[in-house]
Amino acid sequence: MMQLAGLGVRLLKETMRAEGFNLGMNLGRVAGAGIASHLHLHVVPRWSGDTNFMAACGETKVIPESLEATLKKLRQALVSMGGEDA
């Protein structure tokens with residue numbers, strides 16, 4: 001999972017020019033995962049001058065492009081890094 005998080009960080013640095021990151025993990029049903037034996041990790045890109053990470057998860061849209069456009073950029077960057085064609 002940490003290797004995938006590292007890949008996510010590299011992709012977001014290259015495609016979105018992120019300057020830093022918040023990484024957070026949800027473990028278990030009551031922690032927000034919804035399934036008792038499940039865990040997942042959030043990788044939230046950050047930039048100098050942004051106010052906090054809540055805008056990324058607090059029902060506020062702050063992304064300056066469509067999610068489809070971001071996905072396309074991330075896929076292209078993954079392929080250029082030698083990853084599988086996503």
Side-chain angles (χ1 to χ4, degrees):
M1 183 178 281
M2 295 310 294
Q3 287 177 330
L4 289 173
L7 175 60
V9 165
R10 287 191 305 276
L11 289 170
L12 290 166
K13 278 183 179 179
E14 181 176 318
T15 61
M16 301 184 79
R17 305 293 184 244
E19 299 171 324
F21 298 87
N22 288 111
L23 279 75
M25 188 174 287
N26 291 44
L27 302 152
R29 185 184 57 79
V30 298
I35 301 171
S37 61
H38 176 82
L39 65 97
H40 64 268
L41 178 70
H42 298 264
V43 177
V44 180
R46 302 292 307 272
W47 294 268
S48 179
D50 64 6
T51 56
N52 64 45
F53 69 90
M54 291 308 295
C57 58
E59 297 182 32
T60 303
K61 296 179 181 177
V62 296
I63 300 172
E65 65 187 9
S66 71
L67 292 176
E68 291 82 8
T70 301
L71 177 59
K72 183 177 179 180
K73 288 179 184 178
L74 292 172
R75 282 183 171 161
Q76 289 172 342
L78 180 60
V79 170
S80 73
M81 288 180 175
E84 294 184 26
D85 188 15

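Side chains included, hydrogens not; waters and symmetry mates left out as well; all remaining heavy atoms used.
With sequence neighbours excluded, the residues satisfying salt bridge (Lys or Arg N to Asp or Glu O under 4.0 Å) with Lys73 are Glu65. Listed by chain and residue number, Met25, Leu39, Leu41 satisfy the side chain to side chain contact (heavy atoms under 4.5 Å, CB included) test with Met1 (two or more places apart in sequence, or in another chain). Residues that satisfy the side chain to side chain contact (heavy atoms under 4.5 Å, CB included) test with Leu7, not counting sequence neighbours, are Arg10, Leu11, Leu78, Met81.
Under a hydrophobic clustering in which Ile, Leu, Val, Met, Phe, Trp and Tyr are joined whenever their side-chain heavy atoms come within less than 4.5 Å, directly or via other members, Trp47 and Leu74 fall into the same cluster.
Here the straight-line distance linking atom CG of Leu12 with atom CD of Glu19 works out to 13.0 Å at 0.5 Å rounding. Atom CZ of residue Phe21 and atom NZ of residue Lys13 lie 6.0 Å apart, to the nearest 0.5 angstrom.
The nearest pair of heavy atoms linking Ala77 to Ser80 is O-OG, 2.8 Å.
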Checklist entry - How far apart are the C-alpha atoms of Val43 and Val9, what are their side-chain angles, what is the distance that settles it, and do they pass the side-chain contact (heavy atoms from CB on, under 4.5 Å) test? => result CA-CA 7 Å; Val43 177; Val9 165; 4.0 Å; yes

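Relative orientation of the His40 and His42 rings is perpendicular, given thresholds of 30° and 60° on the angle between their planes.
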